[in-house]
Peer 1: 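Sharing a structure with you now.
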Amino acid sequence: MIELLSYDFLRRALIAAVLVGVAAPAVGTFIVQRRLALLGDGIGHIALTGVGLGLLTRSSPTILALVVSGLGAVAIELLRVRTRTGGDVALALLFYGGLAGGVLFANLSGGSANLNSYLFGSISSVSPGDLWVVAGLAVAVVVILAVFGRELFVLCQDEEVARASGLPVRFLSLLIAVTAALTVVVAMRAVGLLLVSALMVVPVAAAQQLTRGFRATIGLAVVVGVVAAVGGLWVSVDVDIAPGPTIVLLAMAVFLAAVGTGRLIRMRRTEGS
Amino acid sequence: MTTTPFSLTGGEVRYDRRSVLRGIDLTVRPGEVVAIMGSNGSGKSTLIRALLGLIPLSAGRAELYGVPPARFRDWKRIGYVPQRLSIGGGVPATVREIVASGRIARQSRLRPSSAADRRAVDEALTAVGMADRARDPAQELSGGQQQRVLIARALAGEPEAFVMDEPTAGVDARSQETLAATLSELVGQGRTVVLVAHELGPLEPLITRSVVLEAGRIVHEGVPPMPQGECARPGHDHVHPHASASEPRLLS
């Protein structure tokens, strides 16, 4: 591992992996709490249109993915509030529209092969410019969660209680959706848009097998996220396989181990009492 | 006027063109303990949501301490206890974390929790008898215990007025007694309580006024009779003398 760090591209990949490992599960905890586990997946589909536009206009796919997924997140939130019934159909339209738009624009640009690296991740091709954007976004995500965490906890717990506590419910709802969009773009380079949601949800699912509280869940989910992202990257370089799926499968393995351990702990506890 | 916690004048609520509340005039004065009663679907929960401005009125006017809900800023004066179904979410949260979130209306964004916050949370946990469960995940508690946690969350905010949606529904006898003791302490301090209840049980002696809803209208308002003899026994099937004969189970 150490000698691998002498390669610039691997150093960048490692930093990106740590950033993703921290940001995705941290946002994911709030989103799972809100029972919107697949939100990241939907935003990922929409972000693809941004990537396609970036490839087509020969500008930065990362920046355009950021803009389009941000707008998509706002649209999803508005749809969620406005339409009580049929909202899922509207969301489906948005998701598949985003996916189709991305593939089409990428095709038009003649860079379909390029699209693969956004769909499935290519953490080892992160350029210095990309890394700055990813780092900036990851810091923004962490700062947003640190400043608004208390309010977001109430919101994700119960929207009516949030309103009856005088919280700006609409603003906070948009904030969490847009923060998820930022995270999607952060994670896009590491695991790809189709697997983005996995890094937001699987570490949280693993952590909550072992934790009793919300703060503890965030903390442990971030640890699982960083271990999976860095470990997955290391394994993928070592045995020369694709990093994105390796990272996700490693997170899944941690989840399975956590389920087993959690069962054991609970059995002990009920026996002891 | 500004000391009146809740008032609803000519309140009307519609869901998808179906009228759920009609012509509701209800004013709750400070220190009152009002029970909102009625059968399932009579509009009890809708009424307290309308009182709080959580759902829009299709006609009429709601005021919290003399201010329409949209312009009301003093939410720390009000503690809302929703139905127990809403506890938790997809991620575990400890009892203490949930109760501490009740301080939110008194906290500012960038300041960490203060000693006063922690003290209020400790007191709220003790008041509902859940101090020993503070570090347990709320999802693992019984229904009655979860209800006490939600009440403690409202208590932690130290509001002047409480609004509780079915605090006794599906709650075991012991939790109902704890709730009654907590409420009587609050009432003794002059705080206002509006609660929705299917049956009052041990809360009955605390209630200063009951409001009975039927099909979205107030059909009875008045002092509940003091339970005596057989009626005072907790958990018995209680029928008020003023309940309409055609619906004897209205209050049971």
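Because the structure is a prediction, the values reported are computed rather than measured. Quick note on labels: first sequence line is chain A, next is B, and so on, each numbered from 1.
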Peer 1: Is it the backbone or the side chain of Leu36(A) that comes under 4.5 Å from a heavy atom of chain B, or both, or neither?
Peer 2: neither
Peer 1: So which residues of residues 199-225 of chain A are in contact with chain B at a heavy-atom cut-off of under 4.5 Å?
Peer 2: Val204(A), Gln208(A), Thr211(A), Arg212(A), Gly213(A), Phe214(A), Arg215(A), Thr217(A)
Peer 1: Show your working on side chain to side chain contact (heavy atoms under 4.5 Å, CB included) between Glu160(A) and Leu52(B) and close with a plain yes or no.
Peer 2: CA-CA 10 Å; Glu160(A) 282 203 332; Leu52(B) 286 166; over 6 Å; no
Peer 1: Can you tell me how far apart CG (Asp158(A)) and CZ (Arg153(B)) are? Round to the nearest 0.5 Å.
Peer 2: 6.0 Å
Peer 1: Is it the side chain or the backbone of Arg106(B) that comes within 4.5 Å of chain A heavy atoms, both, or neither?
Peer 2: neither
Peer 1: Given heavy-atom pairs under 4.5 angstrom as the criterion, report whether the side chain, backbone, both or neither of Val32(A) touches chain B.
Peer 2: both
Peer 1: Using a cut-off of under 4.5 Å for heavy-atom pairs, which of Tyr80(B), Trp75(B), Phe72(B) has the most such pairs with chain A?
Peer 2: Trp75(B)
Peer 1: Answer with side chain, backbone, both or neither: which region of Ile104(B) has an atom nearer than 4.5 Å to a non-hydrogen atom of chain A?
Peer 2: side chain
Peer 1: For Arg150(A) and Arg111(B), which heavy atoms make the closest approach, and how far apart are they?
Peer 2: NH2-O, 2.7 Å
Peer 1: Identify the two heavy atoms, one from Ala105(B) and one from Ser165(A), that lie closest to each other, and give their separation to 0.1 Å.
Peer 2: CB-O, 3.6 Å
Peer 1: Are more than 12 heavy atoms, taken from residues, nucleotides or ligands other than Phe171(A), located less than 6.0 Å from that residue's CZ atom?
Peer 2: yes
Peer 1: Is it the side chain or the backbone of Phe30(A) that comes within 4.5 Å of chain B heavy atoms, both, or neither?
Peer 2: neither
Peer 1: To the nearest 0.5 Å, what is the distance between CD1 (Ile98(B)) and CZ (Phe153(A))?
Peer 2: 5.5 Å
Peer 1: Is it the side chain or the backbone of Asp74(B) that comes within 4.5 Å of chain A heavy atoms, both, or neither?
Peer 2: neither
Peer 1: Between Val91(B) and Thr29(A), what is the shortest heavy-atom contact and its length?
Peer 2: CG2-O, 3.5 Å
